[in-house]
K.L.:
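I'd like to ask you about the structure that follows.
Note that the structure is a prediction, hence the values are computed from the model and not measured. Just so it is clear, the values below take in all heavy atoms, side chains as well, and ignore hydrogens, waters and symmetry mates. Both ligands and their constituent atoms are indexed starting at 1 by order of listing.
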Amino acid sequence: MDLLKRPRRLRGGDSIRRMVRETRMDKSSLIYPMFVMDGEDKVEEIPSMPGQYRYTLDHMGEKLQRLSDAGVGSVMFFGIPAVKDAMGSQAYADDGIVQRALRRAKEEFPGLYYITDVCMCEYTSHGHCGVLCGHDVENDATLDLLARTALSHVQAGADMVAPSDMMDGRILAIRNRLDENGFKETPIMSYAVKYASAFYGPFREAAGSAPSFGDRKSYQMDPHNSREGVKEALLDVDEGADIVMVKPAMNYLDMITRVREVTNVPVAAYSTSAEYAMVKAAAANDWVDEERIMCEMAVSAYRAGAQIYLTYYAKELAKCMDEGRIG
Ligand code: PBG
Ligand code: ZN
């Protein structure tokens, strides 16, 4: 055979395969989503997310230590409050669960980078991401509460805030509130392209945040839409988002690529709770190779254009990166 071009030449051994690798990853781009809850002396496994736990603050440090030892430098806090009400008041309470977690974590592990999810759904009795007027989620009335929440997180020590509510105008509202209070340098990572997805199911179980009626389709995006995702990303960049996120990751890789092309800010991808749960369930049956599936999912998000990857597998991925199985 007289073949001039033989792609296999570049796949002949490990050295050459590594040399020509197009996607390179680094532990510093990993963010670990972590659940902190009110109460004492509890570490509760999340039933649909084996290996993931809800920590009371007296146990949070054990996990932060393991992350830090693994070289995962960033965490994103989600709070599970003791009480919920219609206005989600624990979201912006000075002694709310996330605010207390931040103060303690910053003291015990000052070297980590702390990001907070800013939303109402973990704190509202009805489980929606904003305040209600009848059965509608009121956009403009929610903005002030989101801004208050973000400010209280930053005052408690958050290094970055990440609004996940999908209200219109929330990035600008938060940016203004932070600036007015002297936090001009605190970045905002927007959950900009966030779909109304079944891939958040296990998270809602973990946080007890499933809506008590209806769904999130009036604020989260329709999975059929791609150009609308571009609109959302551009709007958030205009409003001052420093980083934009696509969520979920695995089934929205096209959106990672599109958002990367149309913006000039870093793009993050969130591998959600159900992505994790599905892998765990299949692996528990010995139907898939968990580590290889996990690595391939991560690689595909980075290959699509993500620079930052949020994953419940952060610690395990960091290990694979250290040992050269991925990267
Ligand atoms: C809060 C929020 C959710 C997730 C991140 N922030 C749940 C939701 O929107 O219902 C999902 C995370 C995951 O599934 O891992 N709005
Ligand atoms: Zn929410």
Side-chain angles (χ1 to χ4, degrees), residues 30-36 46-54 75-81 84 86-88 90-92 97-98 115-132 137-139 142-143 145-146 149-150 153 160-168 170 174 188-223 232 244-252 268-280 294 297 301 308-314:
L30 295 171
I31 300 172
Y32 178 70
M34 181 165 173
F35 298 97
V36 288
I46 300 160
S48 52
M49 300 178 75
Q52 301 301 317
Y53 301 84
R54 295 178 282 237
V75 298
M76 170 129 91
F77 279 142
F78 292 93
I80 303 168
K84 309 193 186 212
M87 300 297 280
Q90 285 300 305
Y92 39 90
I97 177 63
V98 166
I115 306 165
T116 58
D117 182 90
V118 173
C119 199
M120 308 299 296
C121 57
E122 294 117 87
Y123 305 91
T124 50
S125 39
H126 46 74
H128 278 288
C129 301
V131 293
L132 297 181
V137 175
E138 262 276 302
N139 194 86
T142 302
L143 298 182
L145 300 184
L146 293 167
T149 303
H153 288 175
M160 183 192 287
V161 289
S164 67
D165 52 282
M166 288 297 279
M167 298 302 122
D168 295 332
R170 88 265 211 223
I174 292 172
I188 302 175
M189 173 163 67
S190 169
Y191 286 69
V193 186
K194 178 173 176 180
Y195 287 91
S197 171
F199 280 79
Y200 314 147
F203 172 100
R204 292 182 191 167
E205 184 193 18
S209 65
S212 60
F213 65 89
D215 53 42
R216 303 212 200 291
K217 288 180 188 167
S218 77
Y219 39 106
Q220 299 180 350
M221 281 182 52
D222 181 344
E232 285 284 5
V244 289
M245 187 204 294
V246 173
K247 177 177 172 230
M250 183 170 59
N251 43 338
Y252 294 88
Y270 194 141
S271 181
T272 61
S273 54
E275 296 182 46
Y276 178 87
M278 291 193 304
V279 178
K280 278 287 174 190
M294 162 187 91
M297 283 164 64
I308 299 167
Y309 190 53
L310 295 101
T311 173
Y312 299 96
Y313 275 125

K.L.:
Looking at ligand 1, is there an atom of it that comes within less than 4.0 Å of some heavy atom belonging to K247?
P.N.:
yes
K.L.:
Under 3.5 Å, is there a donor-acceptor pair between the side chain of S125 and the main chain of K84?
P.N.:
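No, because the side chain of S125 does not come within donor-acceptor range (under 3.5 Å) of the backbone of K84.
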K.L.:
So if I count the atoms of ligand 1 from 1 in the order they appear, which ones are less than 4.0 Å from some heavy atom of R204?
P.N.:
8 (C), 10 (O)
K.L.:
For ligand 1, which atoms sit closer than 4.0 Å to a heavy atom of C121?
P.N.:
1 (C), 16 (N)
K.L.:
Can a donor-acceptor pair be found, under 3.5 Å and without considering hydrogens, that links the side chain of R54 to the backbone of I80?
P.N.:
no
K.L.:
So, 4.0 Å and heavy atoms of F78: is ligand 1 close enough to count as a contact?
P.N.:
yes
K.L.:
Report the angle formed at the Zn ion (ligand 2) by atom SG of C129 and atom SG of C121, rounding to the nearest 10°.
P.N.:
110°
K.L.:
Could you tell me if the side chain of Y252 sits less than 4.5 Å from the side chain of T272, heavy atoms only?
P.N.:
no
K.L.:
Which atoms of ligand 1 are found less than 4.0 Å from any heavy atom of Y312?
P.N.:
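It comes down to these atoms of ligand 1: 12 (C), 13 (C), 15 (O).
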K.L.:
So is T272 polar-close to ligand 1, meaning N/O to N/O under 3.5 Å?
P.N.:
no
K.L.:
Could you check which of Y270, F199, F203 puts a non-hydrogen atom nearest to atom 7 (C) of ligand 1?
P.N.:
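That would be F203.
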K.L.:
Report yes or no: does E275 have a heavy atom closer than 4.0 Å to ligand 1?
P.N.:
no
K.L.:
Is H128 close enough to the Zn ion (ligand 2) to have an N, O or S atom under 2.8 Å?
P.N.:
no
K.L.:
Is the NZ or CZ atom of K247 both under 6.0 Å from the centre of the six-membered ring of Y200 and within 45° of that ring's axis?
P.N.:
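Output yes; distance and angle both within limits.
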K.L.:
Does S271, backbone or side chain, put an N or O under 3.5 Å from an N or O of ligand 1?
P.N.:
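Between S271 and ligand 1 (N or O atoms, distance only) the closest approach is not under 3.5 Å.
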